[in-house]
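Down below is the structure, laid out as structure tokens.
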Amino acid sequence: MARLVLVILGKQGAGKGTQCARLSARYAIPHVSTGDILRGAVKAGTALGREVAAVLAAGELVSDELVNRLVEERLGRPDAAPGVLLDGYPRTTGQAAALDEILGEAGVSLCVDLEVPVELAVVRLSSRRVCVECGTIYRESDPEAVSGTCSKCGGDVVRRVDDEPEAITARLSAYERDTAPLLDFYRSRGLLVGVDGTREADEVSAAIEQIVAARGLA
Ligand code: AMP
């Protein structure tokens, strides 16, 4: 079977992280989130983290060159050989072109666009809480969010800095501006499929798995 490279697109709050976690388990391929990598670097206080901290806090995009380098390094690791789920990357057509170069001839297998209206994205982002250690996502009303302790690893459960209301607005505008052209990029290559992301997580994963199977990708 060829390498399974799934690009998961959708505005913040569309459910990319949730779906990638499920599909990663389903296909035994790593979930690579550039946002998680960058946030991890900020938290660890590495040189990279210090370079990007202000950009992340403002909800702006870091440079194509920087994320392209990060992704190239990540895709070169052995666990990414059978395939990968890309979440939050590519974000611009420049990054999409760089990804094609990184992948070589086989390229991207499929691009899934998780479709949700802006209003739902804002509601989901405002109520999202995340474990700083293992990245598990909770809702504001979940016991883990109320107690502030992750039931999986005991880590702190917090609201992401970029899920504060002002940052949410900035990120959604940046998404429209920078990422919408990606839909055209993948549509024109016959690789784009739209999936209704307003449904329950189970139904959304089932829909994606059906498409992957129908295309003979896994
Ligand atoms: P995310 O978790 O995907 O929403 O990403 C959080 C933040 O990380 C974004 O608001 C950007 O500042 C940065 N970031 C993540 N992925 C990219 C990317 N592909 N290109 C540029 N900036 C990114």
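The structure displayed is predicted, hence computed values, not measured ones. Just so you know, ligand 1 is whichever comes first in the structure, and atom 1 is the first atom listed for that ligand.
A salt bridge links R74 to D79: at least one charged side-chain nitrogen sits closer than 4.0 Å to a carboxylate oxygen. With respect to the salt-bridge test (charged N to carboxylate O, under 4.0 angstrom), the residues R171 and D163 qualify.
Evaluation of the side chain to side chain contact (heavy atoms under 4.5 Å, CB included) rule for E209 yields L23, R26, Y27, S205 as partners, not counting sequence neighbours. The side-chain hydrogen bond (donor to acceptor under 3.5 Å, both in side chains) check on R77 picks up E73, with sequence neighbours excluded.
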Contacts table for residues 107-117: side-chain donor-acceptor under 3.5 angstrom, sequence neighbours left out:
{"from": "S109", "atom 1": "OG", "to": "R3", "atom 2": "O", "distance (Å)": "3.2"}
{"from": "S109", "atom 1": "OG", "to": "V5", "atom 2": "N", "distance (Å)": "2.8"}
{"from": "S109", "atom 1": "OG", "to": "V5", "atom 2": "O", "distance (Å)": "3.4"}

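Listed by chain and number, residues touching ligand 1 at under 4.0 Å (heavy atoms only) are Q12, T34, G35, L38, R39, L56, E60, L61, V62, V67, G88, Y89, R91, Q95, R160, D162, R171.
With F185 as the aromatic partner, R189 meets the cation-pi criteria of under 6.0 angstrom to the ring centre and within 45 degrees of the ring axis.
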